[in-house]
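Single-structure report; data block below.
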Amino acid sequence: MKTNLRIAIQKSGRLQEGSMALLKESGLSISNGRGQLKTQVRNFPVEILFLRDDDIPQYIEDQVADVGIVGENVFIEKNKQNTLVKKLDFAKCRLSLAVSKSENYTGISWLEGKNIATSYPTIVSQYLKANNIKAGIHEISGSVEIAPGIGLADAICDIVSTGSTLLINGLKEVEVILQSEAVMIASPNLNSDKNEILDQLLFRLDAVNSAKNNKYILLNCPDEAIEKITSVIPGMKSPTVMPLSRKGWSSLHSVVNENDFWNKIDQLKSFGAEGILVIPIEKMIL
Ligand code: PRT
Ligand code: ZN
């Protein structure tokens with residue numbers, strides 16, 4: 001029988017869209033009818049399982065799934081036999097401690113002897129231990145933010161993104177325990193066929209990610225500026241330079257990192273670059 005790599009992604013929720021988009025951008029043709037629990041990718045030896053994110057690490061440990069996409073927070077909290085394969089650069093958030101706005105929080109020792117409500121008991125207890133604090137942990141699975149208001153706990157530990165949920169519930173963020181983003185995890189016991197498929201997938205993910213972080217840049221410049229401009233935007237190997245029909249001018253094509261782009265533009269203009277076009281790249285193989 002043909003080997004399939006079984007990839008578990010969230011069925012619905014904050015990771016669903018990003019996980020699907022990533023796999024689709026990697027060229028996987030996925031039909032996801034509503035309510036489906038699994039689907040065979042048509043053009044790649046991959047089967048997708050749609051699960052609750054919290055269950056994915058256990059499914060991988062049990063080798064029902066081979067690979068999964070979860071929040072790093074879930075990967076660390078569940079602490080199953082899973083290996084972190086790749087950070088995926090979406091669903092960024094942090095796991096933080098928060099207390100009522102009116103508390104006079106003086107530092108981590110404030111927590112001594114207090115009660116903390118959280119859905120992340122493992123991470124919180126490790127954090128308390130590392131800081132030599134003894135506090136009670138009250139595990140609840142949802143609506144953690146209301147715990148201090150109803151007298152269930154003195155503090156909470158929960159995921160924060162914009163901070164508006166804390167604000168609405170009269171809480172303030174006092175410690176960041178963990179920075180998190182979506183990650184790809186895998187079983188450490190994949191056979192060689194499955195590892196080969198995973199490597200192919202990772203290669204494609206890298207191509208997609210590099211493309212996202214880079215732009216194709218075209219500009220016109222006087223020939224004498226080519227050297228200086230090349231030193232600013234060297235591209236993958238070196239820029240492509242083509243003569244324009246106007247004598248003494250060239251068209252220069254290169255690749256520029258998205259983060260450096262605005263810093264470099266002023267420099268390029270000062271060297272005489274004109275007619276600068278910046279175009280998205282779909283895939284980039286280094
Ligand atoms: O049904 P299932 O169990 O699969 O999903 P879930 O409800 O457990 O998870 P889901 O979809 O809410 O989140 C999945 C993952 O997304 C989390 O494990 C995080 O890694 C990541 N993520 C990113 C977030 C957030 N941002 C986020 N803002 N997870 C949760 N939140 C919640 C948070 O719990 C709090 O209630 O949003 C609220 C805070 O948001 P702000 O913007 O008000 O600060
Ligand atoms: Zn969940």
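Order of appearance sets the numbers: ligands from 1, and atoms from 1 within every ligand. Remember, it's a predicted structure, so these values are computed and weren't measured experimentally. Below, each value reflects all heavy atoms present in this structure, side chains not excepted, and no hydrogens, waters or symmetry copies.
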Charged N to carboxylate O below 4.0 Å: is that the case for Glu173 and Arg94?
-> yes

Do Glu258 and Lys215 sit within salt-bridge range, that is, some charged N less than 4.0 Å from a carboxylate O?
-> yes

Which class fits the ring pair His253 and Tyr216: parallel under 30°, tilted 30 to 60°, perpendicular over 60°?
-> perpendicular

Heteroatom distance test (Glu72, ligand 1): nitrogen or oxygen, under 3.5 angstrom | no

Counting both backbone and side chain atoms, is some N or O of Gly163 under 3.5 Å from an N or O of ligand 1?
-> yes

Residue pair Asn191 / Lys194: nearest heavy atoms and the distance that separates them = OD1-N, 2.8 Å

Val160: numbered ligand 1 atoms lying under 4.0 Å from its heavy atoms | 44 (O)

Between Lys92, Arg94, Arg52, which one has a non-hydrogen atom sitting closest to atom 1 (O) of ligand 1?
-> Arg52

Does one hydrophobic cluster hold both Val74 and Ile123, with members joined at side-chain heavy-atom distances below 4.5 Å?
-> yes

Can you tell me if Gln16 has a non-hydrogen atom under 4.0 Å from ligand 1?
-> no

In Asp53, the N/O/S atom nearest the Zn ion (ligand 2) carries the name OD1

Nitrogen or oxygen of Asp53 less than 3.5 angstrom from that of ligand 1 = yes

A student checking ligand 1 against Glu145 at a 4.0 Å heavy-atom cut-off should list atoms 35 (C), 36 (O)

Can a cation-pi geometry be assigned to Arg204 and Phe44, taking NZ or CZ under 6.0 Å from the six-membered ring centre and within 45° of the ring axis?
-> yes

Look at Asp206 together with Lys86 and state whether they make a salt bridge at an N to O cut-off of under 4.0 Å.
-> yes

Indicate whether atom 7 (O) of ligand 1 is within a distance of less than 4.0 angstrom of some protein heavy atom.
-> no

Among Glu173, Arg14, Lys11, closest by heavy atom to atom 11 (O) of ligand 1 is Arg14

Pick one of side chain, backbone, both or neither for how Val144 approaches ligand 1, counting any non-hydrogen atom pair under 4.0 Å.
-> neither

Test: Glu72 and Lys87 ion pair at under 4.0 Å | yes

Any salt bridge between Glu25 and Lys212, counting N to O under 4.0 Å?
-> yes

Under 6.0 Å from the CD atom of Glu17, do we count more than 12 heavy atoms belonging to anything else shown?
-> no

Identity and distance of the protein heavy atom lying nearest atom 40 (O) of ligand 1 | Thr165 OG1, 3.6 Å

Quick one: which of Gly13, Cys93, Ala91 has a heavy atom closest to atom 26 (N) of ligand 1?
-> Cys93

Ranked by distance from atom 28 (N) of ligand 1, the top protein heavy atom is Ser161 CB, 3.4 Å

closest protein heavy atom to atom 10 (P) of ligand 1 is Gln10 NE2, 3.8 Å

With heavy atoms and a 4.0 Å threshold, my read on which part of Asn73 contacts ligand 1 is side chain

For Gly71, the atoms of ligand 1 under 4.0 Å from one of its heavy atoms are 20 (O)

Is Lys114 close enough and on-axis enough to Trp110, meaning under 6.0 Å and within 45°, for cation-pi?
-> yes

Closest protein heavy atom to atom 42 (O) of ligand 1, given as residue, atom name and distance to 0.1 Å = Thr162 OG1, 2.6 Å

Following the transitive rule for hydrophobic clusters with a side-chain heavy-atom cut-off under 4.5 Å over Ile, Leu, Val, Met, Phe, Trp and Tyr, establish whether Ile185 and Ile7 coincide in one cluster.
-> no

So which N/O/S atom does Asp54 have closest to the Zn ion (ligand 2)?
-> OD1

What is the nearest protein non-hydrogen atom to atom 35 (C) of ligand 1, stated with its residue, atom name and distance?
-> Ile159 O, 3.6 Å

